[in-house]
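What follows is a short report on a single structure.
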Amino acid sequence: MPGPVVGLLILFVGLVARGRKGSPAVDANLRGTANGLLGNLSLLFVPAGVGVVTQLDVLGANLFPIAVAIVVSTALGLFVTGWVMQRLSGPDE
Amino acid sequence: MNRLQSLFHLWVYLETTPLLGLAATLAVYRLAMLISVRLRGHALASPVLIAIVLLSCLLLATGTPYTAYFQGAQYVHFLLGPATVALAVPMYANLQRIRRHARAILPAVLAGSLVAAVSAMLIARVLGAPREIVLSLAPKSVTTPIAMGVAEQIGGNPSLAAIFVLLTGLCASVIGGPVWRAAGVARWHARGLSAGTAGHGIATARMLLLSETAGAFGGLAIGLNGIITAILVPLLATMLAG
């Protein structure tokens, strides 16, 4: 399992454990760090995305299968998740 | 002419230090944000896409190798890991909501995650894409560090996976509205969960502009789908990649 997922699980379990003790689980320090990272999430995608320059040949040669696979699978994923969620969940908030 | 020359000298100097990639990434991203605002935040005018296109053109035009750029940019890239860990904070903040809707959330994210990964791999394979591409498409619905880790583990290409993740997020931002109308999905928590599952942080960031509830469920879906994908995609990949 990738390290970040393990970290996510550990932090989540830690927060639940801390919250059970009655103290506020997320203190100002943690909130500030988390908001800072998540508020600039899109910036963090940039360096890996620029890696496209090293893959132009492969991408160009397979443009059609890649485009169809991404558009169709994304539409199906959006459709299925939204539909199941709306069907199974009770009233909104 | 003189000014151009001094700019050239600056470039030659910076090119030998890791500072170049870092400074270029931050400066171009800032510029991309300004351009995005000018274009009134259309889904395709996302700062990420604009920044990547500009930086790629810059690298190609100056003949700078990606490895030289990444020496500096890795400091930005590194933060993706901690940012993924930080998703635990909004997930925890929504614990009550998650508990209340748990019976709907888990099946919805699981179904959407599986459908997206399986259909992407099958379509690419049927249309004749090589194995490396099929495997790199499998984790495309999750956030970049998870997708790159999973791609590497199953024999895909982490760089390709990162690009597919980005394209998937942009695609989900653009087609989300029409797809939800077709599926009769009107409620914000369902739309947010759907955006986070199929289009990770990029689609969720867009949902946050429209509804806080949608944003919260999107953040939750990013975390859940990341975990589901990290566990299930390696199994699926060995069955479907051929």
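Just so it is clear: chains get the letters A, B, ... in the order the sequence lines come, proteins before strands, and each one is counted from 1. Because only heavy atoms are used, hydrogens play no part in the values below, and waters and symmetry mates are left out as well, while side chains stay in. Quick caveat, the model's predicted, so the values are computed rather than measured.
- The greatest number of non-hydrogen atom pairs below 4.5 Å with chain A, out of B:Pro145, B:Gly226, B:Ala51, B:Ala172, is found for B:Ala172.
- When heavy atoms are compared at a cutoff of 4.5 Å, A:Leu38 approaches chain B solely by way of its side chain, counted from C-beta outward.
- When heavy atoms are compared at a cutoff of 4.5 Å, B:Tyr92 approaches chain A by way of both its backbone and its side chain.
- Highest contact tally toward chain A, considering only B:Leu60, B:Leu160, B:Leu167, B:Thr229, is held by B:Leu160 [criterion: heavy-atom pairs under 4.5 Å].
- For the options B:Ser159, B:Ser56, B:Pro90, B:Ala230, heavy-atom pairs under 4.5 Å to chain A are most numerous at B:Ser56.
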Run the side-chain donor-acceptor check on residues 106-119 of chain B: report pairs under 3.5 Å with partners two or more places apart or on a different chain.
unit_1	atom_1	unit_2	atom_2	d
B:Ser113	OG	B:Asn225	OD1	2.7
B:Ser119	OG	B:Val115	O	2.7
B:Ser119	OG	B:Ala116	O	3.3

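- Considering only heavy atoms from C-beta on, B:His77 stays 4.5 Å or farther from B:Thr25 through its side chain.
- Between A:Phe45 and B:His200, the ring planes lie tilted relative to each other; the angle falls in the 30° to 60° range.
- Interface residue B:Ile133: only side-chain heavy atoms are found under 4.5 Å from chain A.
- In this structure, no portion of B:Pro47 lies under 4.5 Å from any heavy atom of chain A.
- For a residue to count as touching a neighbouring chain, one of its non-hydrogen atoms must lie under 4.5 Å from one of that chain's; by this rule A:Val6 does not touch chain B.
- Side-chain atoms of B:Ser173 come within 3.5 Å of backbone atoms of B:Gly169 as a donor-acceptor pair (strictly under, hydrogens ignored).
- Chain A forms more heavy-atom pairs under 4.5 Å with one residue of B:Leu166, B:Val142, B:Thr197 than with any other, namely B:Thr197.
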Worked check of side-chain contact (heavy atoms from CB on, under 4.5 Å) between A:Gln55 and B:Asn157: CA-CA 10 Å; A:Gln55 308 291 335; B:Asn157 176 330; 3.5 Å; yes
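- For the set B:Ala190, B:Ala203, B:Gly149, the entry with the most heavy-atom pairs within less than 4.5 Å of chain A is B:Ala190.
- Of all the listed residues (A:Pro47, A:Ala69, A:Gly19), the one sharing the greatest number of non-hydrogen pairs under 4.5 Å with chain B is A:Pro47.
- Both the backbone and the side chain of B:Ala124 come within less than 4.5 Å of a heavy atom in chain A.
- Within the 4.5 angstrom heavy-atom criterion, only side-chain atoms of A:Thr54, from C-beta onward, approach chain B.
- In this structure, the portion of B:Tyr69 lying under 4.5 Å from any heavy atom of chain A is its side chain and not its backbone.
- With a 6.0 Å radius and a threshold of 12 heavy atoms from other residues, nucleotides or ligands, A:Trp83 has its CH2 atom at or below the threshold.
- At a threshold of 4.5 Å between non-hydrogen side-chain atoms, the residues A:Met85 and B:His101 count as touching.
- Of the atoms belonging to B:Phe164, heavy atoms from both backbone and side chain fall under 4.5 Å from chain A.
- Of the listed residues (B:Ala32, B:Pro234, B:Pro130), the greatest number of heavy-atom pairs within a distance under 4.5 Å of chain A belongs to B:Pro130.
- Using a 4.5 Å cut-off between heavy atoms, B:Ile146 contacts chain A through both its backbone and its side chain.
- Heavy-atom distances place the side chain of B:Met148, and not its backbone, under 4.5 Å from chain A.
- With respect to chain B, the highest number of heavy-atom pairs below 4.5 Å among A:Gly77, A:Gly82, A:Gly7, A:Ala34 belongs to A:Gly82.
- Each of A:Val13, A:Leu43, A:Leu15, A:Val71 has some count of heavy-atom pairs under 4.5 Å with chain B, and the biggest count is that of A:Leu43.
- Residues B:Thr168 and B:Ile202 have side chains not in contact (no heavy-atom distance under 4.5 Å, counting atoms from C-beta outward).
- Between B:Ile231 and B:Ile227, some side-chain heavy-atom pair lies under the 4.5 Å cut-off.
- Both the backbone and the side chain of B:Leu79 come within contact range of chain A, each with at least one heavy atom under 4.5 Å from a heavy atom of that chain.
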Test log, rule side-chain contact (heavy atoms from CB on, under 4.5 Å), inputs A:Leu44 and B:Val76: CA-CA 6 Å; A:Leu44 312 185; B:Val76 175; 3.9 Å; yes
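- Looking at A:Ile10, there are no atoms closer than 4.5 Å to chain B (heavy atoms on both sides), in backbone or side chain.
- In this structure, the side chain of A:Gln86 engages the main chain of B:Ala186 through a donor-acceptor pair within 3.5 Å.
- The nearest pair of heavy atoms linking B:Arg191 to B:Val185 is NE-O, 2.9 Å.
- In this structure, the side chains of A:Arg18 and A:Asp27 come closer than 4.5 Å at one or more pairs of heavy atoms.
- Two residues are said to be in side-chain contact when any heavy atoms from C-beta on lie closer than 4.5 Å; B:Arg99 and B:Leu95 meet this criterion.
- Interface remark: B:Leu137 contributes side-chain atoms only to the contact with chain A (heavy atom separation under 4.5 Å).
- Between chain B and the options A:Leu56, A:Leu59, A:Asn40, the largest number of non-hydrogen pairs under 4.5 Å is found for A:Leu59.
- For the set A:Val72, A:Val84, A:Ile66, A:Leu78, the entry with the most heavy-atom pairs within less than 4.5 Å of chain B is A:Leu78.
- In this structure A:Phe12 satisfies the ring-ring contact (aromatic ring centres under 6.0 Å, His included) test with no other residue, sequence neighbours excluded.
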